[in-house]
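Convention: sequence-line order gives letters A, B, ...; per-chain numbering from 1.
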There are 2 protein chains.
Amino acid sequence: MIAIGEASRQSGVGIETIRYYEREGIVPKPARAQNNRRLYSASDVGRLRLLKKCRDLGFPLSDAKALLDLSEGGDEDCRSVKEMAEAHIANVRSKIDELKRLEGALSELSANCETGNVSCPMLARLRMVEDI
Amino acid sequence: MIAIGEASRQSGVGIETIRYYEREGIVPKPARAQNNRRLYSASDVGRLRLLKKCRDLGFPLSDAKALLDLSEGGDEDCRSVKEMAEAHIANVRSKIDELKRLEGALSELSANCETGNVSCPMLARLRMVEDI
DNA sequence: CTTGATCCTGTAGTAACTACAGAAGATATA
DNA sequence: TATATCTTCTGTAGTTACTACAGGATCAAG
(Lines give C-alpha, C1' and ligand atoms only; values in the text may rest on other atoms or scores of the structure.)
Protein backbone atom coordinates (compact mmCIF):
# COMPACT_ATOMS: atom_id res chain seq x y z
CA MET A 1 0.00 0.00 0.00
CA ILE A 2 1.42 3.34 -1.10
CA ALA A 3 0.74 6.99 -0.36
CA ILE A 4 -0.98 9.37 -2.72
CA GLY A 5 2.24 10.93 -4.02
CA GLU A 6 3.58 7.56 -5.09
CA ALA A 7 0.22 6.58 -6.58
CA SER A 8 0.33 9.81 -8.54
CA ARG A 9 3.82 9.02 -9.80
CA GLN A 10 2.92 5.46 -10.75
CA SER A 11 -0.32 6.38 -12.50
CA GLY A 12 0.57 9.70 -14.04
CA VAL A 13 -2.54 11.27 -12.48
CA GLY A 14 -1.90 14.40 -10.42
CA ILE A 15 -2.43 14.34 -6.66
CA GLU A 16 -5.17 16.96 -6.71
CA THR A 17 -6.82 15.14 -9.59
CA ILE A 18 -6.82 11.86 -7.66
CA ARG A 19 -8.55 13.54 -4.76
CA TYR A 20 -10.96 15.16 -7.21
CA TYR A 21 -11.80 11.74 -8.74
CA GLU A 22 -12.46 10.47 -5.23
CA ARG A 23 -14.73 13.40 -4.36
CA GLU A 24 -16.66 12.89 -7.59
CA GLY A 25 -17.03 9.17 -7.00
CA ILE A 26 -15.06 8.26 -10.12
CA VAL A 27 -12.83 6.00 -8.04
CA PRO A 28 -13.76 4.34 -4.73
CA LYS A 29 -12.51 5.83 -1.48
CA PRO A 30 -9.12 4.32 -0.75
CA ALA A 31 -8.00 2.78 2.54
CA ARG A 32 -6.57 5.08 5.18
CA ALA A 33 -3.57 4.68 7.46
CA GLN A 34 -3.81 5.38 11.21
CA ASN A 35 -2.58 8.89 10.48
CA ASN A 36 -5.53 9.41 8.11
CA ARG A 37 -3.42 9.39 4.99
CA ARG A 38 -4.77 7.68 1.92
CA LEU A 39 -3.35 4.27 1.05
CA TYR A 40 -3.48 2.92 -2.47
CA SER A 41 -3.26 -0.68 -3.61
CA ALA A 42 -1.95 -1.93 -6.94
CA SER A 43 -5.48 -2.19 -8.30
CA ASP A 44 -6.24 1.36 -7.18
CA VAL A 45 -3.27 2.45 -9.24
CA GLY A 46 -4.53 0.26 -12.08
CA ARG A 47 -7.84 2.10 -12.01
CA LEU A 48 -6.09 5.44 -12.15
CA ARG A 49 -3.95 4.30 -15.05
CA LEU A 50 -7.01 3.18 -17.00
CA LEU A 51 -8.64 6.53 -16.35
CA LYS A 52 -5.51 8.31 -17.49
CA LYS A 53 -5.40 6.36 -20.72
CA CYS A 54 -9.04 7.05 -21.49
CA ARG A 55 -8.58 10.75 -20.79
CA ASP A 56 -5.45 10.84 -22.94
CA LEU A 57 -7.46 9.24 -25.72
CA GLY A 58 -9.82 12.16 -25.38
CA PHE A 59 -12.81 10.40 -23.85
CA PRO A 60 -14.80 12.71 -21.61
CA LEU A 61 -14.54 11.82 -17.95
CA SER A 62 -18.08 10.43 -17.98
CA ASP A 63 -17.13 7.95 -20.72
CA ALA A 64 -13.90 7.12 -18.92
CA LYS A 65 -15.94 6.33 -15.83
CA ALA A 66 -18.31 4.15 -17.85
CA LEU A 67 -15.38 2.30 -19.37
CA LEU A 68 -13.90 1.82 -15.93
CA ASP A 69 -17.20 0.51 -14.58
CA LEU A 70 -17.50 -1.87 -17.51
CA SER A 71 -14.00 -3.11 -16.92
CA GLU A 72 -14.79 -3.75 -13.26
CA GLY A 73 -18.12 -5.38 -13.92
CA GLY A 74 -16.75 -8.60 -15.37
CA ASP A 75 -19.75 -8.83 -17.71
CA GLU A 76 -18.40 -6.19 -19.99
CA ASP A 77 -20.89 -5.25 -22.64
CA CYS A 78 -18.67 -5.08 -25.63
CA ARG A 79 -21.22 -3.36 -27.78
CA SER A 80 -21.44 -0.24 -25.68
CA VAL A 81 -17.66 -0.05 -25.50
CA LYS A 82 -17.40 -0.30 -29.26
CA GLU A 83 -20.16 2.25 -29.72
CA MET A 84 -18.45 4.68 -27.41
CA ALA A 85 -15.16 4.23 -29.21
CA GLU A 86 -16.72 4.68 -32.62
CA ALA A 87 -18.65 7.77 -31.67
CA HIS A 88 -15.41 9.11 -30.34
CA ILE A 89 -13.47 8.24 -33.48
CA ALA A 90 -16.00 10.12 -35.60
CA ASN A 91 -15.55 13.02 -33.25
CA VAL A 92 -11.80 12.93 -33.54
CA ARG A 93 -11.94 12.74 -37.33
CA SER A 94 -14.15 15.78 -37.65
CA LYS A 95 -11.92 17.66 -35.26
CA ILE A 96 -8.91 16.81 -37.41
CA ASP A 97 -10.70 18.04 -40.52
CA GLU A 98 -11.71 21.23 -38.82
CA LEU A 99 -8.18 21.88 -37.62
CA LYS A 100 -6.76 21.22 -41.07
CA ARG A 101 -9.01 23.79 -42.68
CA LEU A 102 -8.09 26.11 -39.88
CA GLU A 103 -4.40 25.56 -40.41
CA GLY A 104 -4.81 26.36 -44.10
CA ALA A 105 -6.72 29.55 -43.38
CA LEU A 106 -4.24 30.67 -40.77
CA SER A 107 -1.11 30.09 -42.77
CA GLU A 108 -2.62 31.82 -45.75
CA LEU A 109 -3.42 34.78 -43.56
CA SER A 110 0.00 34.79 -41.99
CA ALA A 111 1.77 34.54 -45.35
CA ASN A 112 0.04 37.71 -46.51
CA CYS A 113 1.30 39.58 -43.51
CA GLU A 114 4.61 41.35 -44.06
CA THR A 115 6.27 42.03 -40.78
CA GLY A 116 6.72 45.70 -40.29
CA ASN A 117 3.62 46.91 -42.02
CA VAL A 118 1.79 49.51 -40.09
CA SER A 119 -1.63 48.70 -41.38
CA CYS A 120 -1.92 44.96 -41.15
CA PRO A 121 -3.43 43.24 -44.16
CA MET A 122 -3.98 40.13 -42.09
CA LEU A 123 -6.49 41.84 -39.90
CA ALA A 124 -8.17 43.22 -42.97
CA ARG A 125 -8.51 39.72 -44.34
CA LEU A 126 -9.69 38.43 -41.03
CA ARG A 127 -12.49 40.96 -41.14
CA MET A 128 -13.66 39.53 -44.44
CA VAL A 129 -13.09 35.79 -44.30
CA GLU A 130 -16.31 33.91 -44.76
CA ASP A 131 -15.01 30.49 -45.67
CA ILE A 132 -13.53 29.27 -42.47
CA MET B 1 -30.14 49.84 -34.82
CA ILE B 2 -31.25 46.32 -34.05
CA ALA B 3 -32.13 44.33 -30.95
CA ILE B 4 -29.93 41.69 -29.42
CA GLY B 5 -31.75 38.77 -31.00
CA GLU B 6 -31.20 40.16 -34.48
CA ALA B 7 -27.58 41.00 -33.67
CA SER B 8 -27.17 37.42 -32.56
CA ARG B 9 -28.66 36.14 -35.81
CA GLN B 10 -26.51 38.44 -37.95
CA SER B 11 -23.27 37.71 -36.12
CA GLY B 12 -23.70 34.08 -35.23
CA VAL B 13 -22.87 34.86 -31.62
CA GLY B 14 -25.41 33.62 -29.07
CA ILE B 15 -27.47 36.13 -27.10
CA GLU B 16 -26.12 35.04 -23.73
CA THR B 17 -22.63 35.10 -25.16
CA ILE B 18 -23.07 38.66 -26.40
CA ARG B 19 -24.13 39.75 -22.92
CA TYR B 20 -21.21 37.80 -21.51
CA TYR B 21 -18.78 39.63 -23.83
CA GLU B 22 -20.28 42.89 -22.66
CA ARG B 23 -19.92 41.97 -18.98
CA GLU B 24 -16.32 40.95 -19.57
CA GLY B 25 -15.53 44.16 -21.40
CA ILE B 26 -14.70 42.33 -24.64
CA VAL B 27 -17.10 44.58 -26.54
CA PRO B 28 -18.21 48.09 -25.53
CA LYS B 29 -21.59 48.59 -23.89
CA PRO B 30 -24.14 49.11 -26.67
CA ALA B 31 -26.72 51.87 -26.88
CA ARG B 32 -30.03 51.39 -25.12
CA ALA B 33 -33.57 52.14 -26.25
CA GLN B 34 -36.03 53.99 -23.98
CA ASN B 35 -37.27 50.60 -22.83
CA ASN B 36 -33.75 49.69 -21.72
CA ARG B 37 -33.19 47.15 -24.44
CA ARG B 38 -29.80 46.92 -26.07
CA LEU B 39 -29.45 48.43 -29.51
CA TYR B 40 -26.72 47.32 -31.88
CA SER B 41 -25.27 49.18 -34.83
CA ALA B 42 -23.74 47.65 -37.92
CA SER B 43 -20.26 48.12 -36.50
CA ASP B 44 -21.29 46.45 -33.26
CA VAL B 45 -22.34 43.48 -35.34
CA GLY B 46 -19.04 43.72 -37.23
CA ARG B 47 -17.16 43.46 -33.96
CA LEU B 48 -19.14 40.41 -32.97
CA ARG B 49 -18.49 38.81 -36.34
CA LEU B 50 -14.76 39.39 -36.02
CA LEU B 51 -14.82 37.85 -32.57
CA LYS B 52 -16.75 34.89 -33.90
CA LYS B 53 -14.23 34.32 -36.66
CA CYS B 54 -11.31 34.47 -34.28
CA ARG B 55 -13.00 32.05 -31.89
CA ASP B 56 -13.84 29.71 -34.78
CA LEU B 57 -10.20 29.82 -35.78
CA GLY B 58 -9.44 28.59 -32.29
CA PHE B 59 -7.89 31.73 -30.84
CA PRO B 60 -8.49 32.00 -27.11
CA LEU B 61 -10.84 34.81 -26.21
CA SER B 62 -7.97 36.90 -24.88
CA ASP B 63 -6.23 36.74 -28.27
CA ALA B 64 -9.50 37.46 -30.02
CA LYS B 65 -9.87 40.55 -27.87
CA ALA B 66 -6.32 41.63 -28.66
CA LEU B 67 -6.97 41.17 -32.36
CA LEU B 68 -10.16 43.16 -32.05
CA ASP B 69 -8.36 45.94 -30.20
CA LEU B 70 -5.65 46.00 -32.84
CA SER B 71 -8.24 46.20 -35.56
CA GLU B 72 -9.92 49.14 -33.84
CA GLY B 73 -6.70 50.92 -33.02
CA GLY B 74 -5.91 52.00 -36.56
CA ASP B 75 -2.19 51.70 -35.85
CA GLU B 76 -2.30 47.96 -36.04
CA ASP B 77 0.99 46.41 -35.08
CA CYS B 78 1.36 43.79 -37.72
CA ARG B 79 4.16 42.01 -35.98
CA SER B 80 2.15 41.06 -32.93
CA VAL B 81 -0.70 39.89 -35.11
CA LYS B 82 1.64 37.70 -37.13
CA GLU B 83 3.26 36.36 -33.99
CA MET B 84 -0.07 35.46 -32.51
CA ALA B 85 -1.13 33.70 -35.66
CA GLU B 86 2.10 31.77 -35.94
CA ALA B 87 2.08 30.65 -32.34
CA HIS B 88 -1.42 29.50 -32.96
CA ILE B 89 -0.54 27.63 -36.13
CA ALA B 90 2.14 25.68 -34.28
CA ASN B 91 -0.45 24.87 -31.69
CA VAL B 92 -2.93 23.68 -34.25
CA ARG B 93 -0.34 21.51 -35.98
CA SER B 94 0.62 19.70 -32.82
CA LYS B 95 -3.03 19.20 -31.99
CA ILE B 96 -3.57 17.63 -35.40
CA ASP B 97 -0.65 15.26 -34.87
CA GLU B 98 -1.92 14.30 -31.47
CA LEU B 99 -5.39 13.59 -32.78
CA LYS B 100 -4.01 11.52 -35.65
CA ARG B 101 -2.09 9.26 -33.29
CA LEU B 102 -5.20 9.04 -31.22
CA GLU B 103 -7.35 8.13 -34.18
CA GLY B 104 -4.96 5.34 -35.06
CA ALA B 105 -4.97 3.96 -31.54
CA LEU B 106 -8.73 4.14 -31.29
CA SER B 107 -9.53 2.47 -34.58
CA GLU B 108 -7.07 -0.27 -33.87
CA LEU B 109 -8.78 -0.85 -30.55
CA SER B 110 -12.22 -0.76 -32.09
CA ALA B 111 -11.27 -3.15 -34.91
CA ASN B 112 -10.26 -5.76 -32.36
CA CYS B 113 -13.63 -5.59 -30.73
CA GLU B 114 -16.17 -8.04 -32.13
CA THR B 115 -19.67 -6.89 -31.34
CA GLY B 116 -21.47 -9.47 -29.25
CA ASN B 117 -18.51 -10.67 -27.26
CA VAL B 118 -19.26 -10.93 -23.62
CA SER B 119 -15.76 -10.28 -22.40
CA CYS B 120 -14.52 -7.30 -24.34
CA PRO B 121 -11.00 -7.55 -25.73
CA MET B 122 -10.96 -3.83 -26.34
CA LEU B 123 -11.08 -3.09 -22.67
CA ALA B 124 -8.36 -5.64 -22.11
CA ARG B 125 -6.20 -3.81 -24.66
CA LEU B 126 -7.06 -0.48 -23.14
CA ARG B 127 -5.76 -1.75 -19.83
CA MET B 128 -2.39 -2.47 -21.42
CA VAL B 129 -1.78 0.25 -24.00
CA GLU B 130 1.39 2.17 -23.31
CA ASP B 131 1.98 3.82 -26.66
CA ILE B 132 -0.69 6.40 -26.86
C1' DC C 1 15.34 19.33 17.29
C1' DT C 2 14.85 21.49 13.29
C1' DT C 3 14.14 21.54 8.45
C1' DG C 4 11.73 20.32 4.53
C1' DA C 5 8.78 17.13 2.21
C1' DT C 6 4.40 15.21 2.14
C1' DC C 7 -0.16 14.97 3.45
C1' DC C 8 -4.85 16.60 5.17
C1' DT C 9 -9.50 19.40 4.51
C1' DG C 10 -11.93 22.89 2.47
C1' DT C 11 -12.62 26.54 -0.55
C1' DA C 12 -12.10 29.24 -4.62
C1' DG C 13 -10.39 30.04 -9.22
C1' DT C 14 -9.91 28.81 -14.35
C1' DA C 15 -12.10 29.24 -19.66
C1' DA C 16 -15.84 30.36 -22.07
C1' DC C 17 -19.77 29.97 -21.98
C1' DT C 18 -24.79 28.11 -20.89
C1' DA C 19 -28.92 27.84 -18.29
C1' DC C 20 -32.07 29.17 -15.52
C1' DA C 21 -35.57 32.34 -12.51
C1' DG C 22 -38.57 35.87 -12.28
C1' DA C 23 -40.21 40.08 -14.15
C1' DA C 24 -41.26 43.47 -17.67
C1' DG C 25 -42.33 44.99 -22.25
C1' DA C 26 -43.54 43.91 -27.27
C1' DT C 27 -46.13 41.68 -30.94
C1' DA C 28 -49.76 38.80 -32.99
C1' DT C 29 -54.10 36.77 -33.03
C1' DA C 30 -59.18 36.22 -31.68
C1' DT D 1 -59.62 44.65 -26.00
C1' DA D 2 -57.98 40.54 -24.16
C1' DT D 3 -54.97 36.94 -24.48
C1' DA D 4 -51.09 34.45 -25.61
C1' DT D 5 -46.62 34.03 -26.93
C1' DC D 6 -42.00 36.32 -27.86
C1' DT D 7 -38.26 38.74 -26.66
C1' DT D 8 -35.63 41.02 -23.50
C1' DC D 9 -33.97 42.39 -18.90
C1' DT D 10 -30.98 41.47 -14.46
C1' DG D 11 -28.70 38.46 -11.61
C1' DT D 12 -27.11 34.16 -10.20
C1' DA D 13 -25.59 29.52 -10.59
C1' DG D 14 -24.10 25.50 -13.26
C1' DT D 15 -20.92 23.26 -16.67
C1' DT D 16 -16.05 20.39 -17.55
C1' DA D 17 -12.10 18.78 -15.65
C1' DC D 18 -9.28 20.13 -13.22
C1' DT D 19 -5.74 23.45 -10.58
C1' DA D 20 -4.31 26.40 -6.88
C1' DC D 21 -4.17 27.94 -2.70
C1' DA D 22 -4.62 28.47 2.77
C1' DG D 23 -3.74 26.80 7.03
C1' DG D 24 -2.59 23.03 9.60
C1' DA D 25 -0.78 18.23 10.79
C1' DT D 26 2.60 14.67 10.27
C1' DC D 27 6.73 12.33 8.66
C1' DA D 28 11.72 11.35 7.53
C1' DA D 29 16.45 12.87 7.58
C1' DG D 30 20.40 14.90 9.62
Query raised in the report: Between residues 13-30 of chain B and DNA chain D, which residues have a heavy-atom gap below 4.0 Å?
Result: B:Ile15, B:Arg19
Report task. Could you tell me which residues satisfy side-chain contact (heavy atoms from CB on, under 4.5 Å) with A:Asn35, sequence neighbours excluded, listed by chain and number? Result -> A:Ala33, A:Arg37
Query raised in the report: CG/A:Leu48 to CD/A:Gln10 distance, rounded to the nearest 0.5 angstrom?
Result: 10.0 Å
**Report entry** Residue whose nearest DNA chain C nucleotide is more 5′ - A:Ala3 or B:Leu61
**Finding:** A:Ala3
Requested in this report: Using chain A heavy atoms and a threshold of under 4.0 Å, write down where along DNA chain D the contacts begin and end, 5' to 3'.
Outcome: D:dA17 to D:dC27
Query - Heavy-atom donor-acceptor pair, A:Asp69 side chain to A:Ala66 backbone, under 3.5 Å - result: no
Query - Close approaches to DNA chain D from residues 34-43 of chain A, in residue order (heavy atom, under 4.0 Å) - result: A:Asn35, A:Arg37
**Report entry** Spacing of CD belonging to A:Glu6 relative to CG belonging to A:Leu39, to within rounding of 0.5 Å
**Finding:** 12.5 Å
Please list, one pair per line, the donor and acceptor atoms closer than 3.5 Å that link side chains of residues 11-30 of chain A to other protein atoms, with sequence neighbours excluded.
residue, atom, partner, partner atom, Å
A:Ser11, OG, A:Ala7, O, 2.7
A:Ser11, OG, A:Val13, N, 3.2
A:Glu22, OE1, A:Arg38, NE, 2.6

Query raised in the report: For A:Lys65 and A:Leu51, which heavy atoms make the closest approach, and how far apart are they?
Result: N-CD2, 4.4 Å
Report task. Would you mind reporting whether A:Arg47 and A:Leu50 have side-chain heavy atoms less than 4.5 Å apart? Result -> no
Requested in this report: List in chain and number order the residues that pass side-chain contact (heavy atoms from CB on, under 4.5 Å) with B:Ser62, two or more places apart in sequence or in another chain; answer none if no residue qualifies.
Outcome: B:Pro60
Query raised in the report: Between A:Ser41 and A:Asp44, is there a donor-acceptor pair closer than 3.5 Å when you use the side chain of the first and the backbone of the second?
Result: yes
